[in-house]
Amino acid sequence: MGAFWSQLLPPRPAFTEANIPALDGRVFIVTGGNAGIGLELVKMLYARGGCTVYIASRSPTRIAAAIADLKSTVDPNKARPTELKSIVVDFGDLTTISKAVSEFLKQESRLDVLWNNAGRMQAPPGSTTAQGYEAHMGTNCLGPHLFTKLLLPLLLKTAKIAPSSSVRVINTSSQIVDTTAPPGGLAITHQKPGKHILDKNLSYAESKTGNWFLASELDKRTRGDGLVCVVQNPGNLATKGWDPVSLLGKLMIAPFLYDAKMGAYTELWAGLCEEVTTQDGGKYGVPWGRWHPSPRKDILESLQSEEEGGTGLAAAFWLWCEEQTAPYAL
């Protein structure tokens, strides 16, 4: 219970705008960077200056509006100009992802940090993606998995020339993993067409466990190449994601909701703090920038292979994601 309350009532952030290192020449992608936590993160990077930040979202209009607002309201470091660019992609439609990555690769020869921040919560029961996957799992796991996979060669190329442990993939989870995810974290059988569960909180929790599984499995495959892959729960934040929640639910959670900027501190720490290294690969960060003090034992067992004494569920989930996205990776 201590870990539960420490995420609801986190200590002060130790890594903020004041701690951001020089970003000169670095390239970042923030998915969902046009609103909420993502927008707050982009603001911090833009103000620091010297880098190129791509906002990835499905709405070109909303990206343009976010960029215009940033340029009119945020005072950037004029000595180190920041470029703000867009990537139009819909993580709920796998057919859009390869094209989006191709457009990015035409423009850039490096990628330093990929923040997989975008996600969907509180989707109505029965909601699906364009390809018929349960909405949370498809949008929060399959889309970002394919996006990351197609960007991976450039991330690994950058890791060869960048400072040690500075090239990273940051996935986004939620405290709901601790409270609501089923035994082991998720059930792959729930993801098959016609087998979707109709509990939106449970399906969301499974997708957020999936984000941890994918970070852990990516770490196992790339740590030796210098890539840092972690997952983080940015915190309970007052964003539009809570709009579909019942009035009673909103009243209960209201005392524990924080400004989106606080969640951006968690993501900023995971992506830029020099104390986070490849040795932390696969770990789970919590608000406002520290490691989870006591993750669920059953989920830790899922992260381990059978040879390591675990269940191998995370590896099986990775394989399932690979199989589902393979037709769209061309």
Side-chain angles (χ1 to χ4, degrees), residues 31-32 34-38 56-59 62 88-98 100 116-148 171-214 231 233-234 236-253 257 299 302 313-314 316-328:
T31 70
N34 59 297
I37 310 166
S57 174
R58 63 182 178 177
S59 170
R62 291 179 180 175
V88 179
V89 59
D90 181 355
F91 293 107
D93 184 353
L94 296 174
T95 65
T96 71
I97 295 174
S98 179
N116 283 319
N117 163 78
R120 187 172 182 183
M121 66 180 285
Q122 294 294 315
S127 299
T128 61
T129 67
Q131 283 71 44
Y133 297 100
E134 193 279 321
H136 297 105
M137 186 60 69
T139 305
N140 298 346
C141 291
L142 291 178
H145 176 71
L146 179 58
F147 191 63
T148 303
N171 282 1
T172 301
S173 189
S174 166
Q175 189 175 4
I176 200 170
V177 170
D178 288 320
T179 61
T180 309
L186 60 79
I188 295 177
T189 54
H190 291 168
Q191 318 315 326
K192 297 178 180 179
K195 300 291 184 179
H196 299 166
I197 50 178
L198 298 180
D199 182 330
K200 62 184 179 181
N201 291 319
L202 183 57
S203 60
Y204 178 65
E206 289 193 317
S207 75
K208 294 290 99 178
T209 303
N211 291 139
W212 189 1
F213 284 2
L214 293 174
V231 68
N233 160 32
N236 294 307
L237 308 162
T239 64
K240 290 185 177 297
W242 292 99
D243 287 355
V245 175
S246 68
L247 178 59
L248 178 59
K250 289 176 181 176
L251 291 173
M252 291 177 64
I253 194 64
L257 291 182
I299 295 181
S302 295
L313 181 57
F317 180 69
W318 171 279
L319 179 60
W320 180 78
C321 289
E322 285 280 275
E323 293 171 344
Q324 304 311 304
T325 58
Y328 307 95

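Since the model is a prediction, treat every value here as computed from it, not as a measurement.
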What is the minimum heavy-atom distance between [X] and [Y], and which atoms define it?
X	Y	result
A118	G32	CB-N, 3.6 Å
P234	S173	CD-O, 3.7 Å
N201	I176	O-CD1, 3.5 Å
K200	A123	CB-O, 3.4 Å
L214	C321	CD2-SG, 4.0 Å
L94	Y133	CD1-CE1, 4.3 Å

T95: which residues meet the side-chain contact (heavy atoms from CB on, under 4.5 Å) condition with it, sequence neighbours left out?
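Listed in chain order: D93, Q131, Y328.
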Got a sec, which residues hit side-chain contact (heavy atoms from CB on, under 4.5 Å) with P124, two or more places apart in sequence or on another chain?
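Partners of P124 under the side-chain contact (heavy atoms from CB on, under 4.5 Å) test: R120, S127.
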Would the distance check show the side chain of [X] and the main-chain N or O of [Y] forming a donor-acceptor pair, the cut-off being under 3.5 Å?
X	Y	answer
S207	M137	no
T139	G119	no
S302	A314	no
T129	A135	no
N171	N211	yes
T172	N116	yes
H136	Q122	yes

Short side-chain donor-acceptor distance under 3.5 Å, [Y] and [X]:
X	Y	answer
S57	N34	yes
Q324	H145	no
Q191	E206	yes

Separation between [atom1] of [X] and [atom2] of [Y], rounded to the nearest 0.5 Å:
X	Y	atom1	atom2	result
N140	M121	CG	CE	10.0 Å
D178	I299	CG	CD1	7.0 Å
D199	Y204	CG	OH	14.0 Å

Would you mind reporting whether [Y] and [X] have side-chain heavy atoms less than 4.5 Å apart?
X	Y	answer
T148	L146	no
T128	H196	yes
F213	L186	yes
L202	P182	yes
F91	V89	yes

Check step by step if side-chain contact (heavy atoms from CB on, under 4.5 Å) holds for C141 and F317.
CA-CA 10 Å; C141 291; F317 180 69; 4.0 Å; yes
